Enquirer: 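My structure is below; once you've seen it, I'll send some questions.
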Amino acid sequence: MKIICANWKFNQKLRKEKEALNFLLNLEKKLKKIKNVEVKIFAHFSVMKALSKKSKKVKIGAQDLHWEEDGAFTGATISARELFSMGIKEVLVGHSETRFYFGVDNKKVALKFQRAIENGLSPMVCIGETLEEKEEGKTEEVLRKQIEEGILSVLKELHFPKNSFSIAYEPIYAISGFAKMEGKTPRPAELKDIEFAHKFIKEIFLQENYPVKVLYGGSCNPENASEFLSKDFIDGLLVGSASFDFDSFFNIIKLTSQF
Ligand code: PGA
């Protein structure tokens, strides 16, 4: 079963409780007719609790967490235990926007990853290279480092079911927000590059005896989603800007149910 995730980022409209709940309730209603798709929404903290109370089929997740439970951490987001107590079981870790804007490095990814797992959450760790790194032939090196430092460094000490985390491969150059920031038209990565990265990532985890699901993210929309969904090596999609609009997100879910 493929996994389709919305990443609502800091979208202003979807930080309004009424709008966010309308979206969710509408989705829950329409999902009754949809089979074979797992749907998650990574919402902003301000609406997460309200969504979590009303969600049935849709899994509500957080976009980040802080690794400590208490202390002098002004501006920290939210702790793993707090998320769990709100009924939130999913969390994004190391999204490239948190890496870029808030200085989350691989070490912090490892701390967040560890705390999430220890507190019963399923982290979805986001990794991906920049265009420059890709052009310099450093994709493998960058991905391996992100995985080794951000996940494998703590994985062996953790005791948990083997499927309790996943990876989102999101090459930075394909993420719409970064493309727009550079004045470029957002475009997903090429399928051959996604295939290479997904197989490379899966292989690293298989060698460690941890089979993981790998989702693709970066400028996915209803027009290009089928190309990705038809491929076995893509276990699902992490959809950013195209998930802000109900019809566009639901169209991707409908397409997914055909595969
Ligand atoms: P995008 O974002 O779909 O707008 O490119 C994806 C993401 O950042 O998760």
Side-chain angles (χ1 to χ4, degrees), residues 2-15 20 23 38-45 48 58-65 77 90-104 109 112-113 122-131 133-134 142-143 146 150 165-191 193-194 197-198 201 212-229 234-253 255-256:
K2 302 248 180 194
I3 309 165
I4 299 298
C5 308
N7 174 8
W8 282 356
K9 307 193 179 200
F10 197 51
N11 182 270
Q12 201 173 12
K13 192 180 88 187
L14 295 165
R15 291 201 324 272
F23 191 116
E38 192 178 338
V39 180
K40 303 183 185 183
I41 295 179
F42 293 98
H44 186 260
F45 301 120
M48 231 167 31
V58 179
K59 292 187 179 154
I60 306 299
Q63 297 171 4
D64 194 15
L65 81 161
T77 49
E90 315 275 332
V91 60
L92 291 180
V93 171
H95 187 281
S96 56
E97 286 158 8
T98 70
R99 291 178 191 257
F100 182 80
Y101 293 110
F102 311 122
V104 174
V109 168
K112 287 169 189 258
F113 177 82
S122 296
M124 182 179 288
V125 182
C126 305
I127 59 174
E129 80 283 28
T130 63
L131 187 60
E133 288 162 342
K134 172 176 143 49
V142 172
L143 297 180
Q146 288 174 332
F165 70 92
S166 54
I167 302 291
Y169 172 61
E170 299 203 302
I172 313 239
Y173 58 89
I175 293 183
S176 68
F178 289 124
K180 284 184 200 150
M181 190 170 81
E182 292 181 359
K184 295 180 184 161
T185 306
R187 239 178 240 115
E190 283 183 40
L191 196 56
D193 294 328
I194 301 174
H198 280 223
I201 296 164
V212 282
K213 295 210 160 160
V214 184
L215 286 76
Y216 168 73
S219 299
C220 293
N221 58 41
E223 284 72 50
N224 60 33
S226 298
E227 186 190 4
F228 305 129
L229 293 164
I234 299 183
D235 296 307
L237 302 174
L238 178 54
V239 186
S241 46
S243 74
F244 304 163
D245 176 72
F246 183 86
D247 290 338
S248 141
F249 186 56
F250 187 65
N251 279 339
I252 296 177
I253 295 171
L255 289 169
T256 312

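Both counts, for ligands and for their atoms, begin at 1 and track the order of listing. Please read these numbers as outputs of a predicted model, since none were measured by experiment.
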Enquirer: So if I count the atoms of ligand 1 from 1 in the order they appear, which ones are less than 4.0 Å from some heavy atom of S241?
Expert: 1 (P), 3 (O), 4 (O)
Enquirer: Could you tell me, atom by atom, which parts of ligand 1 come under 4.0 Å of a heavy atom of G218?
Expert: 5 (O)
Enquirer: Can you check whether L238 has an N/O within less than 3.5 Å of an N/O in ligand 1?
Expert: no
Enquirer: Heavy atoms, side chains only, cut-off 4.5 Å: are L143 and Y169 in contact?
Expert: yes
Enquirer: Considering only heavy atoms, does I175 approach ligand 1 within less than 4.0 Å through its side chain, its backbone, both, or neither?
Expert: both
Enquirer: Who's the nearest protein heavy-atom neighbour of atom 7 (C) of ligand 1, and how far?
Expert: E170 OE2, 3.2 Å
Enquirer: State the CD-CD1 distance between E227 and I194, to the nearest 0.5 angstrom.
Expert: 7.5 Å
Enquirer: Strictly distance-based, threshold 3.5 Å: is any side-chain N or O of D235 a donor or acceptor partner for the main-chain N or O of L215?
Expert: no
Enquirer: Heavy-atom contact check, 4.0 Å cutoff: does S219 meet ligand 1?
Expert: yes
Enquirer: Which atoms of ligand 1 sit under 4.0 Å from any heavy atom of K9?
Expert: 2 (O), 4 (O), 6 (C), 7 (C), 8 (O)
Enquirer: To the nearest 0.5 angstrom, please state how far the OG atom of S243 sits from the CD1 atom of I253.
Expert: 9.5 Å
Enquirer: Under 4.0 Å from a heavy atom of N7: give me the atoms of ligand 1 that qualify, with their elements.
Expert: 7 (C), 8 (O), 9 (O)
Enquirer: Taking only heavy atoms of G240, which atoms of ligand 1 are found under 4.0 Å from at least one of them?
Expert: 1 (P), 2 (O), 3 (O), 4 (O), 6 (C)
Enquirer: Once you round to the nearest 0.5 Å, how far does NE2 of H95 lie from CZ of F42?
Expert: 10.0 Å
Enquirer: Do the ring planes of F165 and F113 sit parallel (below 30°), tilted (30 to 60°) or perpendicular (above 60°)?
Expert: perpendicular
Enquirer: Check the angle between the aromatic planes of F23 and F246 and answer parallel, tilted or perpendicular using the 30° and 60° thresholds.
Expert: perpendicular
Enquirer: Students should be able to answer this: which protein heavy-atom is nearest to atom 4 (O) of ligand 1, and at what distance?
Expert: S176 OG, 2.5 Å
